[in-house]
Each structure stands twice: as C-alpha cells, then as structure tokens.
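One-based numbering, in listed order, for ligands and for the atoms of each. Position 1 is the first residue of the sequence; numbering continues from there. If you're wondering where the values come from, they're calculated on a predicted model, not measured in any experiment.
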Amino acid sequence: MLTYMEVHLYYTLPVVALLMLLLRPFHSAQDRLKYLFLCGMAFSTAAPWDNYIVYHRAWWYCPKCVTMVIGYVPLEEYMFFIIMTLLTVSFTNLVMRWHLPTFFLKSTLSPFQSLCVRLLPMAAFLTIGVKAWFAAIPDTPLFYGACILWYVCPVLALLWFGASEYICRRWKGVIFSIMVPTIYLCWVDKVAISAGTWHISERTTTRKMVVANLPVEECLFFLMINVVLVFATCAMDRAHAILHFYRRGSAKMQTLQQQSSFFATMLDLTKAFCLSDQMLDDQPLDDLCTTWNILKAGSASFYTASAVFPSNARQDLCILYGFCRATDDLADNEAVPVEKRKQQLDLVRDFVNDLFTQKSNCATDIDWTPYMDLPEDCLASFRCFVRLRHVLQVDAILELLDGYLLDLKRQPVRDEKGLIRYSECVASSVGEMCTRILVNSNSEMAGKMNQSTLSWTVDRARDMGLVLQFTNIARDIVTDSQQLNRCYLPMTWLSKVEIDSIKNGRARQLGDDRLKELALRLVNTADGINLRARRGIDKLPSDCQGGVRAACAVYCAIGQALKNNDGYPMRAHVKGLKRAWIALQSVYDMNFSSVSSSN
Ligand SMILES: CC(C)=CCC/C(C)=C/CC/C(C)=C/CC/C(C)=C/[C@@H]1[C@@H](COP(=O)(O)OP(=O)(O)O)[C@]1(C)CC/C=C(\C)CC/C=C(\C)CCC=C(C)C
C-alpha cells in the first residue's frame with residue numbers, strides 16, 4: 001500500500017526540495033512574491049473546486065491512505081495544491097531565468113494583429129469554459145473533464161489578456177516548463193492509482209486511458225493546471241519587468257515604491273499586467289537591446305557572470321556596463337584625433353552634469369541636441385543610463401571620466417601610487433556604482449541599509465575594482481603595448497629600455513619570463529587585495545552575492561590562467577565552459593579552485 005503522504009515524501013517533496021536548492025542563490029523578493037501569490041491563488045480556488053469534485057465522487061481515496069479529511073478532501077490533497085504550484089513555478093523560474101524578461105516586451109505585430117492574438121484565444125477559452133460549465137453534469141462521463149475546463153478556462157482567458165504576446169515570444173521555455181512537470185506528475189499519478197492510493201471513478205470519466213491506470217482526464221488535469229501556472233508565472237515576470245523598466249520619478253518615490261507593501265506591489269503589478277505591449281514605448285527597449293549587445297561583445301567575463309544575477313540587477317548592471325564600455329571606447333578610439341576625443345569626453349561630462357542637475361530619470365526629459373555628435377550606440381547607452389540617475393552618485397561617474405582623461409593624455413604610471421590612482425578612477429568607481437545598483441535592486445534593502453554599512457561595503461567594492469583592474473593590466477601587457485602603445489605598469493618596476501620597448505609596441509622584447517614575472521607581481525598584489533575586498537560581498541543583497549562572486553571569480557580566473565601560461569603572454573583567456581563552471585561554483589559558493597579564481 002502507498003499512502004498519500006508517502007506519495008509526497010517519495011515523489012513530490014524531494015523534487016520541490018531539489019528545485020528550491022538549485023534556485024536558492026537566485027531567489028529574489030520578486031520570486032518570493034510569485035510563490036506567495038500563486039500558492040495563495042491555487043489554494044483558494046482549488047480547495048472549493050476539489051471538494052465539489054470529490055463530493056460528486058469523481059474520485060476517492062483509500063481511507064487507510066490518508067491522515068485526515070477536511071470537508072470532503074484529505075489533508076494531503078490540500079498540501080498537493082501548494083506542492084504542485086511550487087514544483088511547476090520553481091521549475092519555470094529555473095527554465096526562464098537565463099533570459100531577461102524585458103527583451104520579450106517589444107511587440108512585433110501591428111495593432112490589429114496584436115488585438116487578434118489577444119482576443120481570439122480569449123474568446124475561445126471563455127467559450128470552452130461556458131460549454132464545459134453546462135456539460136459538467138454529475139454522474140456523467142464528461143463530468144470530470146468538463147469540471148477541469150470550466151475551472152481553468154476563465155483563468156487562462158484572463159492570463160492571456162495580460163501576457164499573450166509575451167507567452168508567444170517565450171514559447172520554447174513555456175512549452176518545456178509545462179510539459180516536464182506535467183509528464184512527471186502524470187507518472188506519479190499512475191503510480192498512486194496503481195498502488196490504490198486513490199481511485200478515479202469510471203462513472204464520471206470517458207474511461208479512455210493514456211496508458212494503463214492513467215485516465216485521459218488526469219492528464220488533462222495536470223496539463224491544464226500547469227498551463228495556468230506557467231502562464232501566470234510569465235504574466236508576473238512580464239509585469240515585474242514593465243514596472244522595473246518603465247519606472248519613473250524621484251529617488252524618494254523609487255525607494256518608496258520598492259519598500260511598498262504586498263498589496264501596493266500587487267496593485268502596481270496589476271496595472272502593469274493590464275498594459276498591452278502596444279502601449280509600451282519601444283525606444284527604451286531598442287536602447288536596452290543595443291546596450292545588451294555592447295556587453296555581449298565587450299566582455300565575455302561579465303556577460304557570462306551577468307546570467308546569475310536576478311533580472312532587475314542584471315539589467316541595470318548591463319546598462320552600467322554599456323555606459324562604461326561605450327565611453328571607454330570613445331577615449332580609446334585611436335582612429336579619432338586626440339583633440340576630438342577630448343571634446344567627446346567633455347560632451348560626456350556635460351551629459352553627466354546635465355543628468356544630475358535635472359531631477360528626472362526619464363530619457364525624454366533630457367535635451368539630447370548637444371550630444372548628437374556622439375556615436376549612436378553611445379547615445380543609446382546614455383538613454384538607458386538615465387534610468388540609473390537616482391541610483392548612482394555623480395562623483396563616481398566623474399571619477400571614471402577622469403580615468404579616461406588620464407588615458408587620453410597618456411599620463412604615465414610613474415609608480416605604484418600612480419597605478420592605484422589610475423585604477424581607482426577606472427575600476428574602483430565602477431565597483432562603487434555596481435554596489436549601489438545591487439543594493440538598490442533589492443526591495444528589502446533599498447534605502448534601508450545604514451550609511452556606515454553601505455560606506456564600508458562601497459569601500460570593499462572599490463578594493464574589488466583594483467583587483468579586477470590589476471588583473472586586466474597583467475593580462476594585457478602585450479596587447480596594450482602592441483595596440484595602444486600604452487604601459488600601465490609602474491615605471492619604477494621597469495628599466496628605461498623596458499619602458500621604451502613597451503611604449504613602442506615591442507613588449508615581447510622583454511622576453512616571456514620577464515613579462516610573466518611582471519604580470520604575476522600584479523596578480524599576486526590583486527590576490528592580496530581580494531582577501532579584503534571579497535568580505536564586502538557578504539553585505540550585498542543575498543540574491544546578488546552569488547552573481548558578484550561569480551563576476552569577480554570569472555574575471556580573476558584570468559590571473560589563474562596567467563599562472564598556468566594559458567595563452568600567455570598574448571592575452572590569457574578563460575574558455576567559455578570554464579567561465580560557466582566558475583560562475584556556477586561561485587553562485588553555490590563551492591570554491592574548488594585556488595584563491596585567484598575564486599572569491
Ligand atoms: C556582471 C556584470 C554585467 C557586471 C558589470 C560590471 C561593469 C559595470 C563593468 C564595467 C567595465 C568597464 C568597461 C569599465 C570601464 C573602464 C574599464 C575598461 C575597466 C576595466 C574593466 C574591464 O572591462 P572590459 O570590458 O575590458 O572586460 P574584459 O577585460 O574585456 O573582460 C575593468 C577591469 C574594471 C572592472 C571593474 C569592475 C567591474 C568593478 C568590480 C567590482 C564589483 C563588481 C563590485 C563588487 C562588490 C563588492 C562589495 C566586493
């Protein structure tokens with residue numbers, strides 16, 4: 001005999017536990033709200049529906065297989081409403097989390113097409129629901145199947161109203177998220193029916209079997225409930241993405257929005273849910289796409305690591321990266337005369353000062369006329385960057401621009417102090433900005449972290465910036481010499497001949513051993529600072545710690561590659577699979593590798 005509680009202990013709860021363990025480092029406040037709301041909706045609607053079905057003897061339970069009955073339904077069945085919701089929603093989260101929801105907001109249909117895609121299936125769902133309601137006559141073969149349809153179809157019509165195009169654009173993930181839990185739960189159902197734990201009445205079903213001991217109505221039940229759960233998860237992801245991406249207003253309003261109550265959040269999500277894709281402004285979506293491509297093309301390390309951040313944080317870090325990369329490329333573009341590049345950097349500085357002079361974080365509130373001379377992808381990243389206005393502080397951005405100017409003026413790095421000063425400008429400033437983004441991205445932390453903790457954490461992030469910059473310089477000694485005629489090593493570390501060789505593009509003349517000695521001196525210094533810097537990660541929001549650990553570990557794996565001579569001295573490289581493995585190790589805090597590639 002197999003009791004219902006054993007079905008949970010052996011078949012359902014272990015799967016939920018495994019999924020929750022896999023998702024533990026990624027769980028955000030947004031995910032917790034999803035679980036809470038969808039479990040609540042599932043329980044409050046399934047309880048009465050289930051009692052009605054069992055009252056009409058559509059199925060029954062072996063009395064010895066259940067602990068207690070509440071109404072007409074055993075306790076284990078009430079547990080199942082929650083367990084099935086957690087199983088399917090967590091599996092959907094695991095499948096969907098690797099792509100930003102924002103990228104699936106843009107409508108590619110004409111308004112008429114969009115209306116048809118939205119309304120025709122809704123009409124079909126409602127028609128089926130009404131017909132099923134009248135077909136659900138107790139003690140008839142269609143009763144159970146019809147009850148399933150009048151229960152789910154109105155909900156599907158509502159979900160389709162709010163997320164139809166989004167669901168269609170994510171159809172692969174949607175189908176996979178529906179089918180895997182459905183097939184698994186059908187199998188569990190077959191095992192339980194075969195063991196006599198419960199019995200499906202022949203009087204209220206068509207007696208058609210998918211396989212032995214598995215009525216077609218049972219498959220229909222699991223399939224339709226999972227369609228509802230996956231559609232609902234998509235609808236909430238879409239609503240959250242709209243709220244985060246189109247959120248406007250003052251810093252205070254933003255912080256208040258993030259700290260708002262469950263009901264205020266649900267009200268905002270409902271408003272976002274009711275917005276059709278046609279109502280959304282496309283320009284910001286196009287700009288985000290451009291910025292995303294800057295990250296994808298700009299840094300394999302940061303692009304890989306970005307995948308393990310929660311979507312809000314990942315999106316804002318991508319925007320910050322796009323701004324940093326676009327402006328760094330402006331300063332580094334040797335095809336443009338130095339004076340022109342200085343003018344362009346001055347324009348960027350004007351843009352930043354403009355941005356922090358006005359109060360809005362909305363790109364349409366800025367007069368872009370003075371900046372039209374800048375490259376289009378630069379402008380796109382700037383329009384995206386405007387939304388971070390209330391998150392960042394102007395000093396760190398201006399500090400970064402100061403670092404670019406040092407580069408542009410080809411300011412020599414005279415000694416270690418000069419190296420630290422330059423690195424603080426171009427990398428510590430970035431670490432500070434990343435930290436403010438991560439703290440802001442977490443609604444439980446935004447505006448609540450006390451100033452001394454935030455200040456200490458920012459200092460550790462600034463240290464981490466040094467770690468990554470030193471690693472970057474150690475890796476690029478030869479390429480910076482050959483491509484930029486630049487030497488970022490402290491001149492006090494080098495002889496005059498070595499300085500001339502590097503500055504004239506002939507760094508290889510130092511010999512591989514000497515180059516490796518210099519590189520490792522930087523990497524070892526970076527490892528030392530890392531021991532201090534990484535303590536700051538523990539102060540970040542829990543759902544971002546894995547991501548930061550991954551970003552820094554993936555980057556610092558370059559240092560390990562240098563030690564292992566992987567590709568040295570041209571440009572130490574960490575292969576894609578290795579980067580992904582390091583990212584996953586970091587996320588689950590399983591540091592199997594050595595210090596320099598882990599944090
Ligand atoms: C996961 C993710 C998307 C993070 C984004 C990080 C980000 C915004 C990076 C911007 C990098 C950038 C282009 C800065 C301009 C100046 C510059 C070139 C700096 C050097 C970066 C290398 O970037 P690149 O695109 O060349 O990358 P590749 O080498 O080609 O792979 C630097 C080496 C500096 C990078 C410094 C940071 C990213 C700061 C690190 C600190 C944190 C993430 C904060 C950690 C927080 C705590 C509390 C420890």
Side-chain angles (χ1 to χ4, degrees), residues 100 291-292 294-310 313-332 381 385 388 392 396-397 399-404 406-407 422-439 449 453-476 479-480 484 488 522 526 529-541 544-559 571-574 579 583 586 599:
L100 277 186
T291 304
W292 184 260
I294 292 175
L295 167 62
K296 201 169 181 178
S299 172
S301 311
F302 293 124
Y303 181 71
T304 305
S306 72
V308 295
F309 282 92
R314 184 182 188 187
Q315 186 170 287
D316 291 346
L317 286 173
C318 159
I319 291 171
L320 176 62
Y321 182 90
F323 174 81
C324 293
R325 175 45 60 217
T327 46
D328 185 41
D329 289 350
L330 275 185
D332 283 351
S381 70
F385 187 69
L388 298 180
L392 304 177
I397 307 170
E399 187 181 12
L400 176 64
L401 300 181
D402 291 343
Y404 293 156
L406 290 174
D407 244 342
Y422 169 72
S423 302
E424 283 175 341
C425 284
V426 298
S428 297
S429 60
V430 176
E432 174 175 341
M433 291 190 272
C434 289
T435 299
R436 295 189 189 283
I437 283 174
L438 296 173
V439 170
M449 194 187 222
T453 305
L454 179 59
S455 173
W456 181 86
T457 306
V458 165
D459 288 343
R460 298 297 72 74
R462 292 184 65 88
D463 289 339
M464 190 60 84
L466 298 180
V467 171
L468 271 61
Q469 184 60 26
F470 289 4
T471 305
N472 176 282
I473 293 172
R475 177 195 65 189
D476 294 349
T479 46
D480 286 338
L484 302 172
Y488 293 100
L522 271 174
I529 301 170
N530 198 352
L531 293 173
R532 179 176 75 231
R534 63 188 185 185
R535 287 168 35 222
I537 297 176
D538 298 333
K539 296 294 181 187
L540 295 173
C544 296
Q545 290 179 14
V548 169
R549 213 176 280 121
C552 299
V554 166
Y555 207 91
C556 290
I558 294 168
R571 197 172 201 249
H573 180 69
V574 182
R579 289 199 304 272
S586 305
N599 285 282

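- Ranking protein heavy atoms by distance to atom 38 (C) of ligand 1, first place goes to Phe302 CZ, 3.5 Å.
- Residue contacts with ligand 1, taken as heavy atom pairs separated by less than 4.0 Å, do not involve Phe470 at all.
- Nearest-residue assignment for atom 15 (C) of ligand 1 (options Trp456, Tyr404, Phe323; heavy-atom criterion): Tyr404.
- Those atoms of ligand 1 that come under 4.0 Å of a heavy atom in Ala533, given as number and element, are 49 (C).
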Any chance you could lay out the side chain to side chain donor-acceptor pair (under 3.5 Å) test for Tyr404 and Thr327, step after step, and finish with the verdict? CA-CA 8 Å; Tyr404 293 156; Thr327 46; 3.2 Å; yes
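- Within the model, atoms CD1 of Ile437 and CG of Leu388 stand 4.5 Å from one another, a figure rounded to the nearest 0.5 Å.
- In summary, of the residues considered (Leu466, Ile473, Val467), a side-chain contact (heavy atoms from CB on, under 4.5 Å) with Gln469 occurs for Ile473 alone.
- Listed by number with element, the atoms of ligand 1 under 4.0 angstrom from any heavy atom of Thr435 are 46 (C).
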Using salt bridge (Lys or Arg N to Asp or Glu O under 4.0 Å), reason through Asp463 and Arg460 one step at a time and then give a plain yes or no. CA-CA 5 Å; Asp463 289 339; Arg460 298 297 72 74; 3.0 Å; yes
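- Residue-to-ligand polar distances place Tyr321 within reach of ligand 1: an N/O pair is separated by less than 3.5 Å.
- In terms of polar-atom proximity, defined here as any N/O pair under 3.5 Å, Tyr555 does make such a contact with ligand 1.
- Within ligand 1, counting atoms from 1 as listed, the ones closer than 4.0 Å to a heavy atom of Gly298 are 25 (O), 30 (O).
- Considering Ser306, Cys324, Ser381 as possible partners of Leu295, the one that fulfils the side-chain contact (heavy atoms from CB on, under 4.5 Å) test is Ser306.
- Taking every non-hydrogen atom of Leu468 and a distance limit under 4.0 Å, the qualifying atoms of ligand 1 come out as 33 (C), 37 (C), 38 (C), 40 (C).
- Side-chain atoms of Arg579 come within 3.5 Å of backbone N or O of Val574 as a donor-acceptor pair.
- Residue Cys318 does not touch ligand 1, judged by heavy-atom distances below 4.0 Å.
- Expressed to the nearest 0.5 Å, how far CD1 of Ile294 lies from CD1 of Ile319 amounts to 11.0 Å.
- Of all protein heavy atoms, the one closest to atom 14 (C) of ligand 1 is Cys324 CB, 3.5 Å.
- Between Ser306 and ligand 1, no N or O atom pair is found at a separation short of 3.5 Å.
- The closest protein non-hydrogen atom to atom 6 (C) of ligand 1 is Cys434 SG, 3.8 Å.
- With atom 44 (C) of ligand 1 as the reference point, the heavy atom nearest to it among Ala331, Gly431, Ala551 is part of Gly431.
- Interatomic distance, Ile537 CD1 to Cys552 SG, rounded to the nearest 0.5 Å: 5.0 Å.
- Atoms of ligand 1 found under 4.0 Å from any heavy atom of Leu320 (numbered from 1 in listed order, with element): 8 (C).
- Below 4.0 Å from some heavy atom of Val548 lie the following atoms of ligand 1, by number and element: 45 (C), 46 (C).
- No donor-acceptor pair under 3.5 Å is formed between the side chain of Arg436 and the backbone N or O of Leu392.
- Counting heavy atoms closer than 4.0 Å to ligand 1, residue Tyr303 contributes nothing at all.
- Between Asp328 and Arg325 a salt bridge is recorded (basic side-chain N to carboxylate O distance below 4.0 Å).
- Ranking protein heavy atoms by distance to atom 17 (C) of ligand 1, first place goes to Val426 O, 4.1 Å.
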If you apply the rule side-chain contact (heavy atoms from CB on, under 4.5 Å), what do you find for Tyr422 with Asp407, and how did you get there? CA-CA 9 Å; Tyr422 169 72; Asp407 244 342; 2.8 Å; yes
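- The nearest protein atom to atom 5 (C) of ligand 1, hydrogens excluded, is given as Leu317 O, 4.2 Å; this is a heavy-atom distance.
- Among protein heavy atoms, the minimum distance from atom 1 (C) of ligand 1 is reached at Phe309 CE1, 3.5 Å.
- Of the protein's non-hydrogen atoms, Gln469 OE1, 3.5 Å is the one closest to atom 32 (C) of ligand 1.
- The aromatic rings of Tyr321 and Phe302 lie tilted to each other, with the angle between the two planes from 30° to 60°.
- When only interatomic distances are considered, the shortest N/O to N/O separation between Ser299 and ligand 1 falls below 3.5 Å.
- Side-chain N or O atoms of Glu432 include none that pairs as donor or acceptor with a backbone N or O of Val458 at under 3.5 Å.
- With a heavy-atom cut-off of 4.0 Å, Arg475 touches ligand 1 through its side chain alone.
- Given atom 18 (C) of ligand 1, the protein heavy atom at minimum distance is Asp328 OD2, 3.5 Å.
- With contacts defined as side-chain heavy-atom distances shorter than 4.5 Å, the pair Phe470/Tyr488 does not qualify.
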Are Thr435 and Met464 close enough, and set up right, to give a side-chain contact (heavy atoms from CB on, under 4.5 Å), and what steps lead you there? CA-CA 11 Å; Thr435 299; Met464 190 60 84; over 6 Å; no
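- Looking at Thr327 against ligand 1, nothing comes within 4.0 Å, counting heavy atoms.
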